[in-house]
Amino acid sequence: MIAVGQALRSCVDDDQMAARVGGDEFVLISDEPTAHLLKRISNGLIDPFEISGRRIQVSASIGHLQIDDASGDASTLLADAEFALRHVKSLGGHRALGYSSTLREGQDLQEHLQRDLAEAMRSGQIEPWFQPQVRLADGQLHGAEILVRWQHPTRGLLTPDVFLPVAERAGMMVDLDHAVWERAMDLAHGWQTAGLWQPVLSLNAAPETISDPLLIERFLIKLHRHSIGADQIVIEVIEDTLIDGKDDMATINIDSLSEAGIKLELDDFGTGYGFLSKLVKLPIDGIKLDRSLISPLPEKSTDTVVRAMLALATELGLHVVAEGIEDATQMRHLNNLGCGYGQGFGFARPMPPDAFAAWLGEHAERPINIPASLAGKTAQA
Ligand code: C2E
Ligand code: CA
Ligand code: CA
């Protein structure tokens, strides 16, 4: 710490301040422009410290703020800098972050949402929404992807980008996934019993959910209770789920799901790396081509990539679902390339249960076409 203190001291002039305020925390006050100072600190810490013949590499998390005429008193300034510091520490690694009031508001929102989430799951505010998946060759309904929404009593409808990170940090992802699946199966069972639809549900699963030792037990009980067959379920996993070694819990669960007859799809395909070896080694049944590969179509370079991926899928015997189809040109193009299934605002947006039930009444048996005037006008969220 003494060596680090000395390195930091050399970053500021003699009439400015560098002080150690905690075990491994320092405060620097300087009138140098922030970017210059940050660069100097980074450079000062880049080389390993030589202590008792050992080389020690340090990395720093830096919370900073710019003092101006509108700034509060010294203790407020320190509290704000510390707030930025705590936030940047939680992100990990060698980083710097400036304080702003939006940072504090964002943090407040996260804390409130985290507090509300458990109650939301109990009281049914967490809802499954349904987005149709279509067979491209004839426009018939194939299945539906289940996408979570939160009907928050005061904040209105919340989309996953707002609250999934909160659930993840709170360690609540596994329960959240199961709550969504349970509710989706309840609804699907009702539609099945009413003869409205023979459901095929694509369920999203977070990496934590797949590596949960209780996954298989919890999941198979749910299926059985809702009289839904294993062949009516697809589980969508993302590449991060598959990172670990051969004997990890995720791999064991994936094998068990596959043995139970449940299909597995690799989501967001085409956005990561290293997926090829995973495709061959794991019992994956299909891939979902990411929207970033669909929206530019039929543009030449994307078209080449999509063709190559479809050829690879055929070679490996995998089915392919194209995500984010928004217009008829993309749909026709993908169908011509031999892509089996599609999903996107062009066919229908994700719908809450009631709207989806009404939609099923119209479309469960009839081909779904993308209207020439472009879809998405019936938009929900
Ligand atoms: P995802 O699994 O890749 O889902 C597709 C996302 O694209 C959905 O966003 C969907 O609403 C959106 N989308 C579908 N078609 C189109 C289109 O034509 N154009 C555009 N612009 N967007 C389209 P959403 O519902 O906001 O979900 C975001 C992500 O949150 C999902 O990405 C998935 O990773 C995650 N997620 C959603 N529900 C769940 C869940 O129940 N459990 C878990 N673990 N993750 C979930
Ligand atoms: Ca998905
Ligand atoms: Ca996706």
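Of the candidates R149, R183, Q151, Q151 is the only one forming a side-chain hydrogen bond (donor to acceptor under 3.5 Å, both in side chains) with E127. No option in W191, W359, F347 other than W191 meets the ring pair (Phe, Tyr, Trp, His ring centres under 6.0 Å) test with F130. Results of the side-chain hydrogen bond (donor to acceptor under 3.5 Å, both in side chains) test with K288 over H319, Q343, E265 single out Q343 as the only residue that passes. I210 pairs with exactly one of D248, I254, T251, I252 by the side-chain contact (heavy atoms from CB on, under 4.5 Å) rule, that one being I254.
Applying the salt bridge (Lys or Arg N to Asp or Glu O under 4.0 Å) criterion to K222, with sequence neighbours excluded, gives E182. Qualifying salt bridge (Lys or Arg N to Asp or Glu O under 4.0 Å) partners for D138, counting only residues two or more places apart in sequence or in other chains: R135.
If you chain together hydrophobic residues whose side chains sit under 4.5 Å apart, L223 and I146 fall into the same group. Cluster annotation: V200 and V321 are assigned to distinct hydrophobic clusters (Ile/Leu/Val/Met/Phe/Trp/Tyr, side-chain heavy-atom contacts under 4.5 Å, transitive). Note on W181 and V234: separate hydrophobic clusters, where clusters join Ile, Leu, Val, Met, Phe, Trp and Tyr whose side-chain heavy atoms are under 4.5 Å apart, directly or indirectly.
Atom CG of D161 sits in a crowded spot, with more than 12 heavy atoms from other residues, nucleotides or ligands closer than 6.0 Å.
Between I62 and V88, every side-chain heavy-atom pair lies at or beyond the 4.5 Å cut-off. The side-chain heavy atoms of P48 and Q57, taken from C-beta on, include a pair separated by under 4.5 Å. Two residues are said to be in side-chain contact when any heavy atoms from C-beta on lie closer than 4.5 Å; I41 and F26 fail this criterion. Using a 4.5 Å heavy-atom cutoff, the side chains of E145 and N204 are in contact. A heavy-atom distance below 4.5 Å is found between the side chains of Q198 and Q192.
Separation of atoms CG (D47) and CZ (R55) is listed at 8.0 Å; rounding is to 0.5 Å.
Of the possible polar contacts, one joining the H94 side chain to the A60 backbone as a donor-acceptor pair under 3.5 Å is found. With hydrogens and angles ignored, the 3.5 Å screen pairs no side-chain donor or acceptor of E119 with any backbone N or O of D116. With hydrogens and angles ignored, the 3.5 Å screen pairs no side-chain donor or acceptor of D268 with any backbone N or O of I238. When atom types are taken as modelled, the side chain of E25 and the backbone of V21 share no donor-acceptor pair closer than 3.5 angstrom. Judged by distance alone, the side chain of H226 and the main-chain N or O of H189 form no donor-acceptor pair under 3.5 Å. Q232 contributes a side-chain N or O that, together with a main-chain N or O of G229, makes up a donor-acceptor pair within less than 3.5 Å. Between the side chain of R20 and the backbone N or O of G22 there is at least one donor-acceptor pair closer than 3.5 Å.
In this structure, a donor-acceptor pair under 3.5 Å is absent between the side chains of S256 and N253. Using modelled atom types, one finds no donor on one side chain facing an acceptor on the other under 3.5 Å when comparing T209 with D212. Checked by atom type, the side-chain pair Q16/E32 shows no donor-acceptor distance below 3.5 Å.
The pair R122-D175 does not count as a salt bridge, with every side-chain nitrogen at least 4.0 angstrom from each carboxylate oxygen.
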| side-chain contact (heavy atoms from CB on, under 4.5 Å) between Q66 and Y99, worked out | CA-CA 8 Å; Q66 193 124 15; Y99 175 81; over 6 Å; no

| message | For a side-chain contact (heavy atoms from CB on, under 4.5 Å) check, start with the C-alpha distance between M249 and L215, then their side-chain angles and the critical distance, and finish with the verdict. | response | CA-CA 10 Å; M249 202 62 229; L215 170 72; over 6 Å; no

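Residue pairs that meet the side chain to side chain donor-acceptor pair (under 3.5 Å) test with at least one member in residues 290-304, sequence neighbours left out, are D290-S292, E299-S301, E299-T302, D303-R307, D303-H333.
For L360 against L141, the heavy-atom pair with the smallest separation is CD2-CD2, 3.6 Å. Considering every non-hydrogen atom in both L65 and A81, the closest pair reads CD2-CB, 3.6 Å. L37 and C11 get closest at one heavy-atom pair: CD1-O, 3.9 Å. Considering all non-hydrogen atoms of both residues, S61 and L85 come closest at O-CD1, 3.3 Å.
Note on ring orientation: taking the six-membered ring where Trp is involved, the planes of H87 and F83 are parallel (angle under 30°, cut-offs 30° and 60°). Between F356 and W197, the ring planes lie perpendicular to each other; the angle is over 60°, past the 30° to 60° tilted range.
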